[in-house]
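Since the structure comes first, as structure tokens, the remarks are kept for the end.
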Amino acid sequence: REHIEARRLDRVAVKGKSKSVFIYELVGLKGQVDDETLRFVNSCEVALETYFTRQWKIAAQLFHAAAKSRPTDVTARLFLKRAMHYMKSPPPAEWDGTFIMTSK
């Protein structure tokens, strides 16, 4: 951790498992990642935390801004869709942010 920059992407439980884990994207080596990318990673982290605390509208706004700044970013678009879905149909009260994968 002290040598790399990473972006937290999601909290998932793989098919057949109940325990969830965070998955990350390797961004680069510390000191070698440009400031614009670091700002993007930070904005995504804020958006993700907002999403995990069930603040769907704010999370959708933050992910929309992230997707607009980097149109090719699949994760920002995915979480924008999830946040918008949860605004209309929230997950159960015991939901902890885990996305349960139904296939490998």
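Computed from a prediction, not measured in an experiment: that's the story for all the values here.
Minimum heavy-atom separation, A47 to A59: O-CB, 4.1 Å. Between A67 and A76 the shortest heavy-atom distance is N-CB, 3.8 Å. Between T98 and V12, the shortest heavy-atom distance links the atoms CG2-C, 3.9 Å.
A donor-acceptor distance shorter than 3.5 angstrom exists from the side chain of R54 to the backbone of P91, with no hydrogens or angles considered. No donor-acceptor pair closer than 3.5 Å links the side chain of S89 to the backbone N or O of H85. Between the side chain of R11 and the main chain of D96, a donor-acceptor pair closer than 3.5 Å is present.
Remark: F79 pairs with Y51, F63 by the ring-ring contact (aromatic ring centres under 6.0 Å, His included) rule, at least two apart or across chains. The salt bridge (charged side-chain N to carboxylate O under 4.0 Å, His left out) search around D34 returns none, not counting sequence neighbours. For R82, the side chain to side chain donor-acceptor pair (under 3.5 Å) partners at least two apart in sequence or on another chain are D10. Applying the side chain to side chain donor-acceptor pair (under 3.5 Å) criterion to T75, with sequence neighbours excluded, gives no partner residue. Legend: residues meeting salt bridge (charged side-chain N to carboxylate O under 4.0 Å, His left out) with K81, ordered by chain and number and at least two apart, are absent. Qualifying salt bridge (charged side-chain N to carboxylate O under 4.0 Å, His left out) partners for R8, counting only residues two or more places apart in sequence or in other chains: E45, E49.
Both L80 and F52 sit in one connected hydrophobic cluster of ILVMFWY residues. Membership requires side-chain heavy atoms under 4.5 Å apart, directly or through other members. The cluster map of Ile, Leu, Val, Met, Phe, Trp and Tyr, joined by side-chain heavy atoms under 4.5 Å apart, puts I23 and I4 in different clusters. By the rule that hydrophobic residues join a cluster once side-chain heavy atoms approach within less than 4.5 Å of another member, Y86 and I58 end up as members of separate clusters.
Interatomic distance, CG of L48 versus CZ of R7, reported as 9.0 Å (0.5 Å rounding). Distance check: D73 CG to L9 CG gives 8.5 Å after rounding to the nearest 0.5 Å. Rounded to the nearest 0.5 angstrom, T50 OG1 and K57 NZ are separated by 14.0 Å. Atom CD in Q61 sits 10.5 Å away from atom CE in M84 (nearest 0.5 Å).
Within 6.0 Å of NZ in K30 there are more than 12 heavy atoms belonging to other residues, nucleotides or ligands.
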